[in-house]
Amino acid sequence: MAWTNEDVARQFAEIAALLTLRGEDAFRVRAYERAAAAVGAAPRDLAGLSADEMTAIKGIGASTAKRIVEYLTTGRIAMLEDLRAQVPAGVLELTRIPGLGPKTALLLHDQLGISTVEELRAALDAGSLRGLKGLGAKTEDNLRQSLGRMGAKDTDRVPVADAVALADELCDRLARLPQVRRVTWAGSLRRMRETIGDLDLLAAADDPAPVMAALRDADLVDRILVAGEKKTSVVLRRGIQADLRVVEPDAWGAALVYFTGSKAHNIRIRERAVRKGLTLNEYGLWEVQDPDAAAEAAPVRVAGSTEADVYAALGLQPVPAPLREDAGEVEAAAEGRLPAVVTLADLRGDLHGHSDWSGDGKASLEDMVAAAAARGLEYWAVTDHAEDLTINGLTRDDMRARRRAIAELQDRYAIRILDGAELNIGVGGGVDYDLDFLLDFDFCVASVHTLFNRPREEQTARILAAMEHPAVNVIGHPTGRKIGRRPGYDIDVDAVVAAAVRTGTAVEVNASPQRLDLSGDHVRRAVDAGALLTISSDAHSVGDLASLRYGVATAQRGWATPGGVLNCLPLDGLLEVVNAKRGPGHRRVT
DNA sequence: GCCGTTTTCGGCCCGACTGTTTTCAGTCG
């Protein structure tokens, strides 16, 4: 049961979807959706919890806890099996067609017996949808178009870094319009999720019409989905959807809160507004109108021009965007115990990077050092691959030669160049070279690069063994996942995190947008356990150093503070940690 | 189905846009 929480979350999400299709009470549906989210974000593995401990998690009640226990003990949830038996599998698939929701799916099934996408296609061709209540020619047309595009790459989520580039481009263009006072991107992109489903753009302008027109007419746009007064949606040629909202400047803060989400976070703070006798929408935080008041009485806006105003008026600390996932941040903000999360400016160095001494490095050592220095870093560790990685690794002689190159560069650059290596964790937990040779390095990352599909116990034991080594300072990309390409290898993250605390080894937040490893959820577990993190670019080129922002955002999503991040320490503090790991019997790093 | 510093019962966030309708349902976020 490697991914218990994710498994359970999926079961609940499916229950919610099937209940919706059955036309069940919307609040019951939401309860299951909320339970799915709560389980997915839970800081501990559910397998180790009793039903009582589960209900302590917000969003898990007696009923859902019982179903979790049922799933953990029997591997199935009877309620879900019943639902599956009642709703043909294809009907759920129908709702994945854009513009086709549960009501229409149910109508198609009940009236025409349609329960697969193929049957819908045939029904459209045969013209048998005509005459159905509420389905006119236009809807028929839209469905035909949607079906035509199913299977096209439209629906794929894009990596966060690609989305940032696209969103920046669109914002730059809109910012040039004379009507636009402010423009930015919001949504899951601002929360810095790992992948992005659509781009949410927000602009402040007194006259929205020209701004809407500018997006509709942009050459990046493939087609227009929605063209309203306050909202425009388009699909970009790149295949991703972009939504634009334009508000008056006084509503900027409230609109930014609304448009940043997450949906669950918004619901949470809107409920809080209601309890305070207020109502929150994208135009502001308002006093609730007295129903007896004169119809022409102007509504009173309590807050709206900045996000901080809106949160303050709700009695909340301002919540950094990456934390807005309804994972306890609202409660923490209400109690004034929101963490001061790590920021890019807190990073004093980068502890994982490559030069072209590694076979896969794309820039010279000096170019990398210069680039790290230009970013204002105090230290940079060059951690080229070690000899066991036969394709890219450096022999001992290579490492000695590189050491001379570092010394020569060090004379000319103020930034401290740490002589490092990225070691390979062997199948038994051993690493490259020998102890004596390893103690000549200043800093070592150790990572798994081979044999990804070992059993969980073996894979975990392998990493734990490497953590015991006095020269291993951090475990690189601890789960080995590549986003959208391969899942992580099967390890017990909680055990790794516990060992990190015990051995004084850090765990990496690899900032490469294709890794983001640890993930935000795993970071949260590490933070809760008190493990030390590194936020490292794993740069293989000069440009890769810019990835640090994604590592920082991932650490923020896991509630990490500068105090829990090794490379937020000044150089002497960092070296103290390295020497502490080595223990008294071994050579010191100075 | 969940939840409570007004509540253990009766609430549960709020709005834009489209299409098919003469006042609103469905979908989406």
Side-chain angles (χ1 to χ4, degrees), chain A residues 12 15-16 19-21 23-38 54-68 79 94-108 129-143 146 186-188 191 197-202 208 212 224-234 241-247 251 254-255 257-286 288 314-315 326 330-331 334-335:
Chain A
F12 282 171
I15 289 176
L19 287 174
T20 306
L21 271 173
E24 296 275 344
D25 175 49
F27 296 113
R28 192 166 170 234
V29 172
R30 212 175 91 192
Y32 275 101
E33 285 172 349
R34 193 177 261 186
M54 288 177 198
T55 55
I57 300 172
K58 288 269 195 310
I60 308 293
S63 176
T64 39
K66 214 172 83 188
R67 297 197 201 288
I68 296 171
M79 175 201 188
L94 287 180
T95 63
R96 282 196 256 282
I97 300 169
L100 199 165
K103 288 288 198 298
T104 310
L106 215 54
L107 180 77
L108 292 173
L129 264 60
R130 257 155 252 166
L132 281 184
K133 196 167 155 53
L135 290 185
K138 187 75 189 171
T139 303
E140 218 176 299
D141 226 42
N142 289 342
L143 284 178
S146 289
S188 56
R191 302 200 311 279
D198 53 28
L199 306 179
D200 295 314
L201 309 180
L202 176 67
M212 298 302 187
I224 298 163
L225 297 175
V226 168
E229 219 178 300
K230 304 179 171 179
K231 171 180 169 175
T232 293
S233 292
V234 299
Q241 183 175 329
D243 299 333
L244 171 66
R245 290 290 295 258
V246 183
V247 297
V257 170
Y258 155 75
F259 218 23
T260 298
S262 64
K263 186 175 176 174
H265 175 87
N266 284 351
I267 290 175
R268 186 69 74 191
I269 61 177
R270 285 174 179 201
E271 285 171 349
R272 192 175 167 83
V274 170
R275 283 200 301 278
K276 286 183 169 297
L278 303 168
T279 181
L280 177 64
N281 59 25
E282 55 264 57
Y283 307 110
L285 181 63
W286 309 84
V288 173
L314 289 170
D326 189 24
V330 177
E331 293 83 350
E335 294 165 14

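Atom set for the values below is all heavy atoms of this structure, side chains included, hydrogens, waters and symmetry mates excluded. Chain identifiers are assigned alphabetically (A, B, ...) following the order of the sequence lines, protein sequences preceding nucleic acid strands; residue numbering begins at 1 within each chain. Nothing here was measured: the structure is a model prediction, and the numbers come from that model.
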Using a heavy-atom cut-off of 4.0 Å across all strands, would you classify [X] as base, sugar-phosphate, or nothing?
{"X": "A/Ile269", "answer": "nothing"}
{"X": "A/Arg272", "answer": "nothing"}
{"X": "A/Gly59", "answer": "sugar-phosphate"}
{"X": "A/Tyr283", "answer": "sugar-phosphate"}
{"X": "A/Val29", "answer": "nothing"}
{"X": "A/Thr279", "answer": "sugar-phosphate"}
{"X": "A/Lys58", "answer": "sugar-phosphate"}
{"X": "A/Arg245", "answer": "sugar-phosphate"}
{"X": "A/Asn142", "answer": "sugar-phosphate"}
{"X": "A/Lys263", "answer": "base"}
{"X": "A/Asn266", "answer": "nothing"}
{"X": "A/Ala35", "answer": "nothing"}
{"X": "A/Ala105", "answer": "nothing"}

Taking the nucleotide of DNA chain B with the closest heavy atom to each, which residue, A/Leu225 or A/Gly101, is nearer the 5' end?
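Result: A/Leu225.
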Using heavy-atom distances to pick each residue's nearest nucleotide on DNA chain B, tell me which of A/Ala65 and A/Leu100 is more 5'.
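Its nearest nucleotide being more 5', the pick is A/Ala65.
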Looking only at heavy atoms, what is the nearest atom pair of [X] and [Y], with distance?
{"X": "A/Arg67", "Y": "A/Met79", "result": "NE-SD, 3.4 Å"}
{"X": "A/Val257", "Y": "A/Asn266", "result": "O-OD1, 3.4 Å"}
{"X": "A/Thr260", "Y": "A/Ala186", "result": "OG1-CB, 3.6 Å"}
{"X": "A/Ala105", "Y": "A/Leu94", "result": "CB-CB, 4.2 Å"}
{"X": "A/Leu108", "Y": "A/Leu132", "result": "CD2-CD1, 4.0 Å"}
{"X": "A/Pro98", "Y": "A/Ser146", "result": "O-OG, 3.2 Å"}

In whole Å, measure the gap between the [atom1] atoms of [N] and [M] for me.
{"N": "B/dT20", "M": "B/dC14", "atom1": "P", "answer": "30 Å"}
{"N": "B/dT18", "M": "B/dT23", "atom1": "C1'", "answer": "15 Å"}
{"N": "B/dG11", "M": "B/dA16", "atom1": "P", "answer": "26 Å"}
{"N": "B/dG4", "M": "B/dC13", "atom1": "P", "answer": "14 Å"}
{"N": "B/dT7", "M": "B/dC3", "atom1": "C1'", "answer": "10 Å"}
{"N": "B/dC12", "M": "B/dG19", "atom1": "C1'", "answer": "29 Å"}
{"N": "B/dG15", "M": "B/dT22", "atom1": "C1'", "answer": "22 Å"}
{"N": "B/dG10", "M": "B/dT6", "atom1": "C1'", "answer": "13 Å"}

At a heavy-atom distance below 4.0 Å, which nucleotide of DNA chain B is the first touched by chain A, and which is the last?
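Span of nucleotides near chain A: B/dG1 to B/dG29.
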Distance in Å, A/Asp326 CG paired with A/Ile269 CD1, rounded so as to fall on 0.5 Å steps
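A/Asp326 CG to A/Ile269 CD1: 10.5 Å, rounded to 0.5 Å.
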Check whether any side-chain heavy atom of A/Asp243 sits under 4.5 Å from a side-chain heavy atom of A/Phe259, and report yes or no.
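Answer yes - side chains close enough.
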A/Arg268 side chain reached by A/Glu331 side chain, heavy atoms, under 4.5 Å
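Yes, side chains in contact.
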Under a 3.5 Å limit for both distances, which nucleotide forms a Watson-Crick or G-U wobble pair with B/dT8, could you say?
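Matched B/dT8 with nothing under the 3.5 Å cut-off.
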